[in-house]
Amino acid sequence: MSADPSPAPVNITLPDGKQLHFPRAVTGTEIAAAIGPGLARAALAVEVNGQDWDLSRPIPGDARVRIITRKDPEALELIRHDAAHVLAMAVQELFPGTQVTIGPAIEDGFYYDFARDEPFHPDDLPRIEARMHEIVARDLPTRRTVWPRDEAIRHFEQIGEHYKAELIRDLPRSEEITVYYHGAWHDLCRGPHFVSTGKIGQAFRLTKIAGAYWRGDARNAQLQRIYGTAWRDEKELDAYLKRIEEAEKRDHRKLGREMDLFHMQEEAVGQVFWHPKGFTLYHLLEDYLRRKLARAGYCEVKTPQLIDRKLWEMSGHWANYRQHMFVAEVEDEKKTLAVKPMNCPGHVQIFKQGTKSYRELPLRLAEFGSCHRYEPSGALHGIMRVRAFTQDDAHIFCTHEQISDETIDFCRLLMEVYRDLGFDDVHVKLATRPDNRIGSDQIWQLAEQSLESATKQAGLNYSINPGEGAFYGPKLEFVLRDSIGREWQCGTLQVDFNTAERLGASYIAEDGAKHAPVMLHRAILGSMERFIGVLIEHYAGKFPLWLAPVQAVIATVVSDADAYAQEAADAMHRAGLRVDTDLRNEKINYKVREHSLAKVPNLLVVGRREAENRTLMLRRLGSETQESLALDAAIPILTQEGMPPDSRN
RNA sequence: GCCGGCUUAGCUCAGCUGGUAGAGCACGUGAUUUGUAAUCACGGGGUCGCGGGUUCGAUCCCUGCAGCCGGCACCA
C-alpha cells in the first residue's frame, strides 16, 4: 500500500535554493539525512511543495522541500495532532468498545471526540494521561497506508467504528483515503504524523471533559470530548499552565465578590445585583460614554421596557425570537406585552413621530437600553452573558450616501473609547453578504464598500468574514485584545436597509418623495455588564484611577489622628475624590495589607506627625515606598490623576 | 437546551466505609494606640442547595428539582 518507488531521478530544492539529486523517489528522512545528522535527528515532518508530509512518505517527483523541526511554527500543530491520536489510542486501550470520531489540533492543544455509552469521569483523566505517556515511551512506529474507499468503509464498519465509516462516506470521491498506524492501532486520518509516537515528547496534559455534538450540530448525538494541551517541552507547558492560573486569578466572578462589586443569586438568574462599588464603576463608565456620545452628535433617548407584541410581530422578532423573549400579561387586559430584547423598534417609533426631512439626517438616537433575553441556561456566564443587560446602543438614521461618513466617524469614536479604556489592540471583521439576503446587489455593493473604505480610512486592521453578514446588511465587528491576550468581540456596526421600512419609517427627500432611511445599528461596548466584566479581567481589578470605585483610603496609625483624617477626607470629597477612611483600631501593617488586597490605588497614611504637619504619607498600589505630601498638594495631584481621559488637557 | 462535574458557616475548604459537623479568614466583644502586607484573647454563627425515598438512624446511599462550574449548541 505504500507508493511505488519511481525509477525516475528526483530533484529536491531546499529553501535556500540548494538542489539535491536522488536516483529515485526519496523520503523526508533521507533528505534530512543527506543534509546532516543533526537535522536527521531533529526532523519531525517535511513540507513538500507547501504541504506538510510524513517524513517516511516517498516524494515521487521533483519538489521544493523544507524539513520541519521542533523549532518551526508548524511543530506545535503537528505535536498536538499526534497527541490527539495517542489520546484516542490510550482511550481505546483502557475503554474497549469506545468509538473514535475526530480529534484535531486546536489553539493551545487538542481534543478528541469519543462515542461511548458510559460517561468519562474526571478521575479517568490521570489514568488516560498516564497511558498516553506510556504509549509515547513505547515509541511506536507510524505507517501511512492508502485504502480503496469501499474497503475502508467496510473495514471500519466491521470493527464497529461507525462514525469513521460515515466520515469516509462523506469524503469527496476524489479524496485519497489514508489510514495511519501507530503500531497496531490505526485511525482514519489525513496526516501527516511523526515517524513514531516518541517524537511527540511528554509535555502534554489532559485538561477537561466535555460534551460535544457530532459534527457540531445540536440535532446530532452528543459525544464525549476530552481536551488536552501539548507543547514542545516542559517549559512551554509550565508557562501555559501558569497563564491559565493567572487568568483564573483575574476571573471577574471572583474579583466581583472579593472587591464587593456585584453579586448574583438564584432568585434572579442571569441578572446582576450591583453593589455600591460596582455601580460606581458602572456609572463612571456610563457617564464617560454619555459625554463622548453627546460630543459626537448623538441624542440620548429612553424607550419603554414593555411593548405590545404587535410591534414585535411587525418587526419580525416575534416570529424569529419568541422563545427568547420574556412576556408579560396583566389580568385585566387582553394584551400581551414583551419585555424588549432590543432597542431598534423603539427608536424607530421616535423617528416616526412627526414628518422627517432629509435635512434632519443623519439622526443619531442613543440609548443605554436595558434589554432582556431568555438566554439558554447553559450560555450564562457571570456578568459576561446574562439575561438582563444594557446595551450602549444607538441607531443612526441616514441616507445611503451618508453611510460612509457615519461609519468613519463611528470607527474613530470607537477607537477613542477603546484607547481611553486601555485597549490599543483592536481588529475589525467585515462580515459580507450572506447567500440568504434581501436587497439588491447594487445596494449591498454600496454598503460593503462604504464599510470597507471607512474601516481603511479609520486606520483599522480588518479581515473579511465572507457571507457572515446579517440578512439585511453587512456588518463590522470590533474585536479587542486584553492584557493577557484574549480576544473579546464588543463593538458592532450593522447596516440595515430593512427595519425602518418594515416599521413604516420614512423621510421626505430633496425630490419631495418619501424614502425609507438606512439604519446603522451600532454599539461600542456592546453590553455594559459584559464590558465591565472584560474591564475587570483586563485590569485584574486594578482599575485606572478615574474608574476606581475607591480612589484612596485614608488610614490612621493612631486614634489621635482621627480628626485630621476625617478633615482630610472631607476636603477630598469636596474636591470630588472618592475617598474612604479607615479609623479602625488596627495596626498600620494590617490596614496596608487589607487595602492593598482590596486593590485601592492610593493609600494615605496619617499619624501624629502628619496631623501636626498637615501632610499625608502616600503609598501607591504596587509600590513599597511612600512619599510625604502636604494635604493641600495631594488634593490637586489626585484630582488631576483621577480625571477621566476625555476631560484631560 | 444538551453532556459531565459540583453544592457543608459570609469566603476558602476538612469531614475514612451512614451514628445530626470542624478549621482558617471574615464577623462581634475585650485588651492593645500601634509608622507601611495579618496584635492577642474570648465569643456568636450551619434545617450540610431544596423535595422525596431507603434505613432504627442520612451531610454521606438512591431519586426528582434548582443553581453553579467546564464544554457543546445558541447569541436578533
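Quick note on labels: first sequence line is chain A, next is B, and so on, each numbered from 1.
- For the salt bridge (Lys or Arg N to Asp or Glu O under 4.0 Å) test, no residue two or more places apart in sequence or in another chain qualifies with A:R609.
- Within 4.0 Å (heavy atoms only), A:A210 reaches at least one base atom of the nucleic acid.
- For the pair A:R225 and A:F114, the cation-pi test (distance below 6.0 Å, angle within 45°) is failed.
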query: What string of B, S and - do you get for nucleotides 4-17 of chain B, 5' to 3', when a contact is any protein heavy atom under 4.0 Å?
result: SS-----SS-----
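- Comparing the same atom, C1', in B:C61 and in B:G19 gives a spacing of 15 Å after rounding to whole Å.
- Contact annotation: A:K208 reaches the phosphate of B:G71 (side-chain N/O to OP1 or OP2, under 4.0 Å).
- Relative to the side chain of A:A218, the nucleotides B:C72, B:A73, B:A38 differ in distance, and B:A73 lies closest.
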query: In dot-bracket notation, what is the pairing pattern of RNA chain B, taking Watson-Crick (N1-N3 plus N6-O4 or O6-N4) and G-U wobble (N1-O2 and O6-N3) contacts under 3.5 Å, with [ ] crossing and | for other strands?
result: (((((((..((((.....[..)))).(((((.......))))).....(((((..]....))))))))))))....
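- Residue-environment remark: NZ (A:K310) stays at or below the threshold of 12 foreign heavy atoms within 6.0 Å.
- Legend: residues meeting side-chain contact (heavy atoms from CB on, under 4.5 Å) with A:I209, ordered by chain and number and at least two apart, are A:F120, A:P122, A:L125.
- In this structure, A:R322 is positioned above the aromatic face of A:W318, its NZ or CZ under 6.0 Å from the six-membered ring centre and within 45° of the axis.
- When the ring pair (Phe, Tyr, Trp, His ring centres under 6.0 Å) test is applied to A:Y213, no partner is found at least two apart in sequence or on another chain.
- When ring centroids are compared, A:H538 and A:F543 stay outside the 6.0 Å threshold.
- Only the C1' atoms considered, B:U20 is 37 Å distant from B:C2, to the nearest whole Å.
- Interface residues of residues 602-627 of chain A facing RNA chain B, ordered by number: A:V605, A:G607, A:R608, A:R609, A:E610, A:M617, A:R619, A:Q626; criterion, heavy-atom separation under 4.0 Å.
- Rounded to the nearest Å, the gap between the P atom of B:U29 and that of B:C72 is 50 Å.
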Restricting both atoms to N or O, compile the protein contacts to nucleotides 25-27 of chain B shorter than 3.5 Å, with distance only.
from, atom 1, to, atom 2, distance (Å)
B:A26, OP1, A:Y590, OH, 3.1

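- Using a 4.0 Å heavy-atom cutoff across all strands shown, A:N320 reaches no nucleic acid atom at all.
- Taking the six-membered ring for Trp, A:Y240 and A:W231 have ring centres closer than 6.0 Å.
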What does the list of N/O pairs under 3.5 Å between the protein and nucleotides 42-45 of chain B look like, with a distance for each?
none

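- Here, B:U17 and B:C11 have their P atoms 26 Å apart, quoted to the whole Å.
- Taking atom CG of A:D562 as the reference point, atom P of B:U33 lies 15 Å away to the nearest angstrom.
- Heavy atoms of A:Y472 sit under 4.0 angstrom from primed sugar atoms or phosphate atoms, though from no base atom.
- Nearest heavy-atom pair across A:A230 and A:L76 is O-CD2, 3.8 Å.
- Looking at heavy-atom distances under 4.0 Å, A:G216 makes contact with sugar-phosphate atoms alone, never a base.
- As judged by a 4.0 angstrom heavy-atom cut-off over every strand, A:L597 is placed among the base-contacting residues.
- B:C75 atom P lies 13 Å from atom CD of A:Q494, rounded to whole Å.
- The side chain of A:Y321 contributes no N or O atom lying less than 4.0 Å from OP1 or OP2 of B:C74.
- Within the 3.5 Å criterion, the main-chain N or O of A:G369 finds no donor-acceptor partner in the side chain of A:Q391.
- Checking each of A:R250, A:R530, A:R486 against A:E537 for a salt bridge (Lys or Arg N to Asp or Glu O under 4.0 Å) leaves exactly one that passes, namely A:R486.
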field: Working for ring-ring contact (aromatic ring centres under 6.0 Å, His included), residues A:F273 and A:H263
entry: CA-CA 5 Å; A:F273 289 80; A:H263 86 272; 4.4 Å; yes
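- The heavy-atom pair separating A:F262 from A:I383 by the smallest distance is CE1-CG2, 3.5 Å.
- A salt bridge does not link A:R243 to A:E246: none of the charged side-chain nitrogens sits closer than 4.0 Å to a carboxylate oxygen.
- The distance between the ring centers of A:F351 and A:F397 falls below 6.0 angstrom.
- A:H317 approaches A:M342 most closely through the heavy-atom pair NE2-SD, 2.6 Å.
- When each of A:Y213 and A:R385 is assigned the nucleotide of RNA chain B bearing its nearest heavy atom, the one mapping closer to the 5' terminus is A:Y213.
- Aromatic pair A:F478/A:F410: ring centres closer than 6.0 Å.
- The base of B:G71 has none of its N or O atoms less than 3.5 Å from a complementary donor or acceptor on the side chain of A:Y111.
- Every residue two or more places apart in sequence or in another chain that forms a salt bridge (Lys or Arg N to Asp or Glu O under 4.0 Å) with A:D217 is listed here: A:R219.
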Contacts under 3.5 Å, N or O only, protein and nucleotides 67-69 of chain B:
from, atom 1, to, atom 2, distance (Å)
B:C69, OP1, A:R253, NH1, 2.9

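- Rounded to an integer number of Å, the gap from CD of A:Q222 to P of B:C72 is 11 Å.
- A heavy-atom distance below 4.0 Å to RNA chain B is reached by these residues of residues 550-559 of chain A, ordered by number: A:V557, A:V558, A:S559.
- Separating the C1' atom of B:A41 from that of B:G46 is a span of 24 Å, rounded to the nearest Å.
- Contacts with RNA chain B (heavy atom under 4.0 Å) in residues 337-352 of chain A: A:P341, A:M342, listed by number.
- For the side-chain hydrogen bond (donor to acceptor under 3.5 Å, both in side chains) test with A:T556, the passing option among A:R584, A:Q566, A:K591 is A:K591; the others fail.
- Taking 4.0 Å as the cut-off between side-chain N and carboxylate O, A:E468 and A:K475 do not count as a salt-bridged pair.
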query: What's the verdict on ring-ring contact (aromatic ring centres under 6.0 Å, His included) for A:W214 and A:Y163, showing C-alpha distance, side-chain angles and the deciding distance?
result: CA-CA 9 Å; A:W214 168 237; A:Y163 287 94; 4.7 Å; yes
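- When the C1' atom is used for both B:U59 and B:A14, the distance is 13 Å, rounded to whole Å.
- The shortest heavy-atom contact between A:K164 and A:T101 is NZ-O, 2.6 Å.
- For the P atom pair drawn from B:U47 and B:G51, the interatomic distance equals 12 Å after rounding to whole Å.
- For a distance-only test at 3.5 Å, the side chain of A:R373 qualifies as a donor-acceptor partner of the base of B:A76.
- If you take CZ of A:F389 and P of B:C75, they are 13 Å apart, rounded to a whole angstrom.
- One P atom belongs to B:G64, the other to B:C60, and the distance between them is 16 Å to the nearest Å.
- For the pair A:R80 and A:F110, the cation-pi criterion (under 6.0 Å, within 45° of the ring axis) is not fulfilled.
- Look at A:K254 and A:E248 and you find no salt bridge, because none of the NZ, NE, NH1 or NH2 atoms lies under 4.0 Å from a carboxylate O.
- Under the 3.5 Å distance criterion, the side-chain polar atoms of A:R437 are matched with a main-chain donor or acceptor of A:P434.
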